[in-house]
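The structure appears below as structure tokens.
Numbers here simply count residues along the sequence, with the first being 1.
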Amino acid sequence: MNLILFGPPAAGKGTQAKRLVDSRKMVQLSTGDMLRAAIASGSELGKEVEGVLQRGELVTDEIVIDLIEQRLPEAEAAGGAIFDGFPRTLAQAQALDVMLEQRGARIDLVIRLKVDDEQLLKRVAGRFAESGRPDDNPESFKVRLAAYNDQTAPLLPYYQNHGKLVEVDGMGSIEDVSAGIDKALDGPRW
């Protein structure tokens, strides 16, 4: 099964993906984690990505698609992937469909974590105070949230029209959100 966790930055996608990795043995393909690893490597790509994230901008489709494509064999061996933070644009969604189709696979389900923007800003401010992650800077976050609302939220109709979109309230406790995701995954479609 290939699953997309959909929602704005700080919606809890990473937390839920990690839980699904543990409970369902799927592979998490987190663009955020991949980009942070590129930064930590000190490579030219990492330096480029760091500058982009510090400005609150989105990394180019080409870089992100390449990172995802490199990890697909691992996901296939595990029986499925959780796409976390990808796709972010219609072009990325279409590229993912093509990549998977070439491998005889598809996106099976898209789970949208519905959240409140103001509450997200409070989450990010707290996370930034705790961890100091550059991409959690509240000012950069506002730019990322605006980019999500402008560029990524329009993907909702794309997946809804394909009958793949399920919405889960992302403002509850981690356990409540997990229960909503499990209900979607274990529902009548599967």
Side-chain angles (χ1 to χ4, degrees), residues 3-23 26-40 46 49-61 63-64 67-68 71 81-90 92-93 96 107 109-156 158-159 165-185:
L3 164 70
I4 296 173
L5 286 178
F6 196 69
K13 298 180 303 289
T15 298
Q16 293 301 324
K18 284 175 180 37
R19 184 190 67 81
L20 291 169
V21 166
D22 292 340
S23 66
M26 298 171 80
V27 172
Q28 177 187 10
L29 299 181
S30 165
T31 53
D33 289 348
M34 289 181 221
L35 295 170
R36 282 187 287 279
I39 292 168
V49 168
E50 184 174 31
V52 169
L53 293 180
Q54 285 179 347
R55 292 188 301 273
E57 298 170 0
L58 295 177
V59 177
T60 65
D61 287 351
I63 291 172
V64 176
L67 289 170
I68 291 290
R71 298 277 314 274
I82 305 159
F83 294 92
D84 167 11
F86 180 85
R88 291 184 188 262
T89 65
L90 184 57
Q92 288 180 1
L96 179 59
I107 293 299
L109 186 65
V110 177
I111 297 178
R112 175 189 181 208
L113 299 179
K114 289 182 66 174
V115 292
D116 176 82
D117 288 356
E118 291 301 315
Q119 292 299 318
L120 285 185
L121 185 54
K122 289 179 184 174
R123 274 188 198 175
V124 166
R127 224 165 57 176
F128 183 68
E130 260 180 46
S131 72
R133 265 179 36 186
D135 55 327
D136 277 343
N137 173 302
E139 292 310 309
S140 294
F141 174 77
K142 288 177 185 175
V143 174
R144 290 171 55 219
L145 183 59
Y148 168 83
N149 286 329
D150 291 344
Q151 298 174 23
T152 307
L155 286 175
L156 292 172
Y158 177 78
Y159 287 114
L165 182 66
V166 174
E167 294 185 339
V168 172
D169 180 3
M171 296 308 298
S173 68
I174 290 172
E175 294 77 18
D176 288 345
V177 176
S178 296
I181 290 172
D182 286 341
K183 182 178 178 184
L185 290 173

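Counting non-hydrogen atoms of neighbouring residues, nucleotides and ligands closer than 6.0 angstrom, the CD1 atom of Ile174 reaches no more than 12 such neighbours.
Using bins of under 30°, 30° to 60° and over 60° for the plane-to-plane angle, the ring pair Phe6/Tyr159 lands in the perpendicular bin.
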Which is it for Lys18 and Asp33 under the salt bridge (Lys or Arg N to Asp or Glu O under 4.0 Å) test, yes or no, and what are the steps along the way?
CA-CA 12 Å; Lys18 284 175 180 37; Asp33 289 348; 3.5 Å; yes
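Between the Arg71 side chain and the Leu29 main chain, no donor and acceptor come within less than 3.5 Å of each other. Within the 3.5 Å criterion, the main-chain N or O of Pro8 finds a donor-acceptor partner in the side chain of Lys13. In this structure a side-chain-to-backbone donor-acceptor pair under 3.5 Å is present from Ser140 to Gln54.
Within the 4.5 Å cutoff, the side chain of Thr31 has no heavy atoms near those of the Leu67 side chain. Using a 4.5 Å heavy-atom threshold, the side chains of Arg144 and Leu53 count as separate. Looking at Leu109 and Leu185, their side chains come closer than 4.5 Å, going by heavy atoms from C-beta outward. Using a 4.5 Å cut-off on side-chain heavy atoms (C-beta onward), Leu20 and Gln28 make no contact. Within the 4.5 Å cutoff, side-chain heavy atoms of Asp182 are placed close to those of Arg19. The closest side-chain heavy-atom distance from Val166 to Lys183 is not below 4.5 Å. Side-chain contact between Leu145 and Val124 is absent, with no heavy-atom pair separated by less than 4.5 Å. Within the 4.5 Å cutoff, the side chain of Ile181 has heavy atoms near those of the Leu5 side chain.
Contact record, Leu155 with Ala93: CD2-CB, 3.8 Å, taken as the closest heavy-atom pair. Across all their heavy atoms, Ile111 and Ala184 have their closest contact at CD1-CB, 4.1 Å.
To the nearest 0.5 angstrom, Leu113 atom CG is 6.5 Å from Gln16 atom CD. Between the OG1 atom of Thr89 and the CD atom of Gln151 there is a distance of 7.5 Å, given to the nearest 0.5 Å.
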